[in-house]
Trainee: 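Quick one: structure below, then a few questions.
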Amino acid sequence: MNLLLNPQPSLSIPLNISPFLKLSFSRRRTLSPPTASATVQQFEIPEFDIRNPALSSSYRIPVLAKPNQTVLEAQGRVCTGPTQTRPLDEEQAFKVFDTILRSARGELKDDKVSRAQLGAFFAGMTIRANAFPEATQWSEGETRAMKMFWPLLVRVLPPDVIFVADPDGSMMGVGSSIGPCYVGNCTSEMRLIGALREVLAGGHLGFEEVQGVLKEVLPFKEGDDQSSEALLSAFLIGQRMNRETDRELKAYCLAFDDELGPPPVADVRSLTHYGEPYDGNTRFFRSTLFVAAVRSCYGESCLLHGVDWMAPKGGVTEEQMLKYMGANVNLSPFEAKKLLEDDEIGFAYVSQREARPSLFSLIKIREHIKKRPPLATTEKVQRYVKASGKEAIVAGFYHEGYEEPLLMLMKRRGVHSGLVVKGEEGALSMTTRLRSVGTTRGIPVNYCSGFRSNDVSTTSELGGVTREGFSLEVNAADYGFQPTDTPRTDRSVSKNIELGLAALSGEKGPAYDRIVLNAGMVDHLLRADGAEDISVALDRAREAIDSGNALKRLVNYIKVSHKVD
C-alpha cells in the first residue's frame, strides 16, 4: 500500500543512529518511500558515501597480518575434499615451494608465508598422499617439486611444520627423525600432536578426543606457552578434508557451551535462532536482519549471531549492517535476552566475540587456512539464549552433504523445529528469480529440509520427541511472486542497508519480495502459530512491513541496544 495513503505513527528517532538511517526514517513519515536506486538528494547521503560505499572488506581487523597470496591460492586447490581437490601442475608447484623456501630463509620480509599457512598447506599435502583417491593425490608436477625442494626445506622449516609435512619421517627418502619423534614444546601441544597423527593419516577422532583438543588449545594466543598455529591449522583443515563424522561435528558444536556459564532464558513464547554463514555475502542482498524485524512484529522472536568479518569470503554480515546504522554490536547474551523480551523490539544480535571468545580467537588462523574448517558448519547451530516457549534453529548451507549433519546438530540442541535452507550464496535468503534452464547439478537454490516436533511439551535437551520431517524446493511463483533478479550488493554494506530500509519503508520490489518470502515461508515451514496457511503467513509479513511496525522495531533496536544493561 502506498505509504502516503497509510499514515505512520509518530516515531522517536534516536540521536545516536547513523545519519543514513535517521534521514531515511524521518522522510518515511512525510514522503513516498525511497527507492533502492535513490538519488543523493532523495536520501540526503553525502556524495562521498555514494562514490565510496562502506565495503565489507573495511571491517577486517587491520592489525592482523595478511596471508601470502601465492600459497593461499594453492591452499584453495589442495586443502579441500577427496573429490574437490585440484592438484597443482609443475609450474604452480615449483612456484609455491620456491615461495615457501624463500620465506623460510627470511627473504620475503613483507609477504611471509605464515605458520598457519604452512600448517594448512602441508597438512593438505600429507592427507592427500596418505588417504585420498589416486585422482587427487599428488600430481607428477607436485612430486617433482617436492623431490627438489624438500631436502632444502627440511633444513629451514620449524620442527612443528616438518612434523605436519612428514609425520613418519620418510618424505622423499630423506629419512628425518623429526616427525616420528616430535612431541611439541608445551603441554597443550601434546594432545594436539597425538590427535594430528590420526588426522594426517586420514583417520577420525572420538567426541571426547576432539573436545579435549579444543579445550586444551583455545582460546588461541600467540606465544611460547601456547600451541603452535601451524599445528592448530593442520588440525582444523585436516578434519574438514577428512569429512567430519557426526561425533566430531557434535564435539565442535558443543565444546564451549559452558564457556560463559549457562545461557539465559528469555521469557518469550517462540524464539528462532538464525545461523547465517559467518563469512557473509559478497554478491547478493542479505535479508535476514530485515526478516527478523518483520517476524518480531507478530511474536516470532529472532536471535541473530555472527561476527563482523570472517574469511574466506569476507562478505557483508549482520554485524556490519547494525554497526553501520549505529547499533551496539557488543551485547552479551544476557543483554540480548532483554531485547528479545522487549515488546517494542523482539529480536537481537549476539557477536561470537561476546558469546564464544575462545572460538573468536581463531579469526586470524581461519583467514590463513583459506578453506572453511568444521567450525564454519557448527557455529551456525548455536543457542546463545534459550526460550521459555518453543525454539527453532534455521541455518543456511551450500555444499551438498551438509544438510543432514546440520539437522542432526539441531536435534542434538533439543529445539522443537529445525530448518536448513540453500539460499543464494549458501546463505538463508530464498530467491524469487527463476531457476536457470538446464540446471541439474547439485541441490538447487531454495531447497529446504527440516523437522517439526509434534508435541512441544516432550522436547528435551537430548531429543526423545516425535518429529515430522519434510523437504521441498520453494518456487516463489507458486505463491504469487513475480520472478525478479536478486539485487546486487557486491560487498557494499551501505547498499545492502539501502535495499533493506527501502523495503521496510514499504517500497515494493525484489528486496521487499525477498523479505516477505523468507519471513512467511519460515513461519509456515516451522509451523509457527497462525502460519498454517502459507498465504496467510505471507500476508502477515506484508502487513508487518506496510504498517511501519517492522521499521519501527529496527529503529527501536538501534536506540535501546545502547541502553540495555
Trainee: My understanding is that only residues two or more places apart in sequence, or in another chain, count here; which of them pass ring pair (Phe, Tyr, Trp, His ring centres under 6.0 Å) with Phe451?
Mentor: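 For Phe451 there are no ring pair (Phe, Tyr, Trp, His ring centres under 6.0 Å) partners, ignoring immediate neighbours.
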Trainee: Any side-chain heavy-atom pair from Phe94 and Met148 closer than 4.5 angstrom?
Mentor: yes
Trainee: Which pair of non-hydrogen atoms, one from Phe284 and one from Glu425, has the smallest distance, and what is that distance?
Mentor: N-OE2, 2.7 Å
Trainee: Suppose we screen for salt bridge (Lys or Arg N to Asp or Glu O under 4.0 Å). Which residues come up paired with Asp89, at least two apart in sequence or across chains?
Mentor: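 Testing Asp89 for salt bridge (Lys or Arg N to Asp or Glu O under 4.0 Å), a comparison that skips the adjacent residues, returns none.
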Trainee: For Thr272, check side-chain hydrogen bond (donor to acceptor under 3.5 Å, both in side chains) against everything at least two apart and list the hits.
Mentor: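 side-chain hydrogen bond (donor to acceptor under 3.5 Å, both in side chains) check on Thr272 returns Arg295.
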Trainee: May I ask you to test the Cys448-Leu419 pair for a side-chain heavy-atom distance under 4.5 Å?
Mentor: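 Heavy-atom side-chain distance check passes, below 4.5 Å.
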Trainee: Holding to ring pair (Phe, Tyr, Trp, His ring centres under 6.0 Å), I want the full list of residues that pass it with Tyr447, two or more places apart in sequence or in another chain.
Mentor: none
Trainee: Indicate whether any N or O donor in one side chain lies under 3.5 Å from an N or O acceptor in the other, for Asp267 and Ser388.
Mentor: yes
Trainee: Minimum heavy-atom separation for Arg356 and Glu259, please, with both atom names.
Mentor: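 In terms of heavy atoms, the two residues are closest at CA-OE1, 3.5 Å.
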Trainee: Would Glu319 and Ser351 count as having a side-chain donor-acceptor pair, cut-off 3.5 Å?
Mentor: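 Yes, because at least one side-chain N or O of Glu319 sits under 3.5 Å from a partner of the opposite role on Ser351.
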Trainee: Holding to side-chain hydrogen bond (donor to acceptor under 3.5 Å, both in side chains), I want the full list of residues that pass it with Ser471, two or more places apart in sequence or in another chain.
Mentor: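 side-chain hydrogen bond (donor to acceptor under 3.5 Å, both in side chains) list for Ser471, sorted by chain: empty.
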Trainee: In this structure, are over 12 heavy atoms from other groups packed under 6.0 Å from Phe360 atom CZ?
Mentor: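 Counting neighbours around CZ of Phe360, more than 12 heavy atoms of other residues, nucleotides or ligands fall under 6.0 Å, so yes.
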Trainee: Using the side-chain hydrogen bond (donor to acceptor under 3.5 Å, both in side chains) criterion, which residues pair with Glu379? Sequence neighbours excluded.
Mentor: Gln352, Arg366
Trainee: Apply side-chain contact (heavy atoms from CB on, under 4.5 Å) to Glu198 and Glu209, showing your working.
Mentor: CA-CA 11 Å; Glu198 185 69 26; Glu209 195 170 5; 5.7 Å; no
Trainee: Search all heavy atoms of Lys422 against all heavy atoms of Ile443 and return the closest pair with its distance.
Mentor: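 Heavy-atom minimum between the residues: NZ-O, 2.6 Å.
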Trainee: Under 4.5 Å between any side-chain heavy atoms of Glu142 and Val78, yes or no?
Mentor: yes
Trainee: Under 4.0 Å between a Lys/Arg side-chain N and an Asp/Glu carboxylate O for Asp98 and Arg102?
Mentor: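 Arg102 and Asp98: salt-bridged.
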Trainee: State which residue, out of Arg60, Lys66, Arg372, Lys313, fulfils the salt bridge (Lys or Arg N to Asp or Glu O under 4.0 Å) condition with Glu367.
Mentor: Arg60
Trainee: Taking all heavy atoms of His399 and all of Phe397, pick out the closest pair and write down the distance.
Mentor: O-CD1, 3.7 Å
Trainee: Salt bridge check: are Arg144 and Glu90 linked by an N-O gap of less than 4.0 Å?
Mentor: yes
Trainee: Tell me, please, which residues at least two apart from Lys337 pass salt bridge (Lys or Arg N to Asp or Glu O under 4.0 Å).
Mentor: Glu341
Trainee: After noting the C-alpha distance and the side-chain angles of Tyr274 and Phe347, does the key distance pass the side-chain contact (heavy atoms from CB on, under 4.5 Å) rule?
Mentor: CA-CA 11 Å; Tyr274 275 92; Phe347 71 95; over 6 Å; no
Trainee: Distance-only criterion, 3.5 Å: show the donor-acceptor pairs between side-chain atoms of residues 231-242 and protein atoms not counting sequence neighbours.
Mentor:
unit_1, atom_1, unit_2, atom_2, d
Ser233, OG, Glu229, O, 2.7
Gln239, OE1, Tyr252, OH, 2.9
Gln239, NE2, Glu248, OE2, 2.9
Arg240, NE, Glu244, OE2, 2.6
Arg240, NE, Tyr402, OH, 3.1
Arg240, NH2, Glu244, OE2, 3.1
Arg240, NH2, Pro373, O, 3.3
Arg240, NH2, Thr377, OG1, 2.9
Asn242, ND2, Val199, O, 3.0
Asn242, ND2, Gly203, O, 3.4
Asn242, ND2, Gly238, O, 3.3

Trainee: Please report the closest heavy-atom contact between Ser56 and Val493, naming both atoms and the distance.
Mentor: N-CG2, 3.9 Å
Trainee: Under the side-chain hydrogen bond (donor to acceptor under 3.5 Å, both in side chains) definition, can you give me all pairs with a residue in residues 70-82, not counting sequence neighbours?
Mentor: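 Passing the test, one end in residues 70-82: Gln75-Gln117.
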Trainee: Checking Ser270 now: which residues fulfil side-chain hydrogen bond (donor to acceptor under 3.5 Å, both in side chains) with it, not counting sequence neighbours?
Mentor: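 Ser270 satisfies side-chain hydrogen bond (donor to acceptor under 3.5 Å, both in side chains) with Glu300 only.
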Trainee: Test side-chain contact (heavy atoms from CB on, under 4.5 Å) on Asn68 and Ser103 and set out the steps.
Mentor: CA-CA 10 Å; Asn68 177 281; Ser103 177; over 6 Å; no
Trainee: Would you say Tyr349 and Lys323 make side-chain contact, with heavy atoms under 4.5 Å?
Mentor: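 Answer no - side chains too far apart.
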Trainee: Counting only heavy atoms not in Glu140, do more than 12 fall under 6.0 Å of its CD?
Mentor: no
Trainee: Phe97 and Phe121: aromatic ring centres closer than 6.0 Å?
Mentor: yes
Trainee: For Phe334, check ring pair (Phe, Tyr, Trp, His ring centres under 6.0 Å) against everything at least two apart and list the hits.
Mentor: none
Trainee: Determine whether Arg353 and Ile363 satisfy the following criterion, side-chain contact (heavy atoms from CB on, under 4.5 Å), listing intermediate values before the conclusion.
Mentor: CA-CA 10 Å; Arg353 179 182 55 257; Ile363 286 286; over 6 Å; no
Trainee: Kindly indicate whether the side chain of Glu318, heavy atoms from C-beta on, has any atom under 4.5 Å from the side chain of Thr288.
Mentor: yes
Trainee: Considering residues at least two apart in sequence or located in another chain, which fulfil the ring pair (Phe, Tyr, Trp, His ring centres under 6.0 Å) criterion with His368?
Mentor: none
